[in-house]
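Every chain is numbered from 1 and lettered A, B, ... according to where its sequence line falls, protein lines coming before strand lines. Nothing here was measured: the structure is a model prediction, and the numbers come from that model. All heavy atoms count here, side chains included; hydrogens, waters and symmetry mates do not.
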Amino acid sequence: MSEVRLATWNVNSLRARMDRVVEWISYARPDVLCLQETKMQDRDFPAHDLADLGYEAVHHGDGGWNGVAILSAAGIAGVRIGFGDGADDEMGCRIVSAECGEIRVFSVYVPNGREVGSEFYYAKLEWLGSLQRMLAKEWDQREALAVCGDFNVAPDDRDVWNPAAFEGATHVTEPERDALGLLGRWGLVDLFRLHNKADGLFSWWDYRGGAFHKHQGMRIDLILGTAPLASWCTASIVDRQARKGPQPSDHAPVMVYLDPGRGGS
DNA sequence: ATGGTCGCGCAGCGA
């Protein structure tokens with residue numbers, strides 16, 4: 001297979017964002033695009049419009065909140081909804097996966113923990129734990145597998161616009177980062193960071209207060225991949241252009257470039 | 001100065 005472009009984007013309502021998604025697809029040409037916060041029911045998902053653009057898709061959503069999807073120009077097979085043990089249903093349509101060509105792709109929307117120490121914070125940690133247990137139990141880290149989505153965790157201080165101001169705040173606490181660390185110990189690598197080491201490379205900026213133009217953001221949208229994907233990865237981008245212009249999402253798309261003919265696997 | 005802006009859905013909550 002030739003180059004594969006694998007992307008993830010929290011669109012904050014696919015209904016409100018469809019024009020921007022179509023625009024982005026037309027110039028970025030991802031082979032696989034994971035979406036989060038579609039905020040729609042399955043029956044409203046614009047599968048036909050996406051098929052016209054050359055994408056098969058799977059969507060998992062039940063209404064006004066959450067909702068995840070995978071668009072693939074490399075095929076969709078072996079769809080899995082949720083964790084398979086009902087845990088996802090309680091937290092609401094936050095994980096879906098499919099075989100896209102030779103890669104098992106997950107699209108995930110990790111719960112927002114709101115205030116540190118709140119019940120929502122612990123539910124977020126539990127959800128990340130469920131993700132790790134599901135991967136360890138059902139999947140093989142030696143295979144080509146990617147977990148893409150909005151993790152609501154900034155992996156390290158480079159990923160926060162003002163680490164001093166965020167000390168102890170949600171998205172950066174040790175337990176949240178430890179939960180990402182467990183995914184790393186299982187075998188997932190933060191593919192964006194393989195070829196982009198600088199700070200200030202954010203994927204989300206608050207709508208309020210002109211945060212985007214003040215470069216006040218965080219990198220919380222991640223593409224995690226197993227060792228084979230890490231060996232294939234040649235480049236990565238965050239497309240800040242998509243955060244500009246009319247009716248943008250508060251997140252920008254993140255994309256990695258994979259060359260399955262490259263590296264040792 | 002505890003604000004600010006979105007989306008959903010039609011009040012006020014969640015992010």
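At a cut-off of 3.5 Å, with distance as the only test, no side-chain donor of A/Glu143 or A/Thr226 sits close to an acceptor on the other residue. Side-chain N/O atoms of A/Ser236 and A/Asn196 include a donor and acceptor closer than 3.5 Å.
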Problem set entry | side chain to side chain donor-acceptor pair (under 3.5 Å) between A/Ser249 and A/Arg20, intermediate numbers included | CA-CA 9 Å; A/Ser249 171; A/Arg20 296 298 304 261; over 6 Å; no
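Distance, A/Asn10 CG to B/dG7 C1': 12 Å, rounded to whole Å. In this structure, CG of A/Leu14 is placed 19 Å from P of B/dC6, rounded to the nearest angstrom. Note: CD (A/Gln247) to C1' (B/dC8) measures 14 Å, nearest angstrom.
The P atoms of B/dG9 and B/dA15 are separated by 15 Å, rounded to the nearest whole Å. Atom C1' of B/dA11 sits at a distance of 26 Å from the matching atom of B/dA1, rounded to the whole Å.
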Would you list the protein and nucleotides 10-15 of chain B atom pairs, both N or O, that sit under 3.5 Å from each other?
residue: B/dA15; atom: OP2; partner: A/Arg114; partner atom: NE; Å: 2.8

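The 12-atom threshold is not exceeded at CZ of A/Arg185, counting heavy atoms of other residues, nucleotides or ligands nearer than 6.0 Å.
Nucleotides of DNA chain B nearest to A/Gly209 and A/Arg17 differ in position, and the one nearer the 5' end is that of A/Gly209.
Of all the residues in residues 154-166 of chain A, not one reaches under 4.0 Å from DNA chain B with any non-hydrogen atom.
Salt bridge A/Asp190/A/Arg219: present, at least one basic N to carboxylate O contact under 4.0 Å. The existence of a salt bridge linking A/Arg262 and A/Glu3 is excluded, since no basic side-chain nitrogen approaches an acidic carboxylate oxygen closer than 4.0 Å.
Put simply, A/Ser13 has no side-chain N or O that comes within less than 4.0 Å of OP1 or OP2 on B/dC6.
The main-chain N or O of A/Tyr109 is never found under 3.5 Å from a side-chain atom of A/Gln36 such that the two would form a donor-acceptor pair.
Annotation: side chain to side chain donor-acceptor pair (under 3.5 Å) contacts of A/Asp239 (sequence neighbours excluded): A/Trp24, A/Tyr27.
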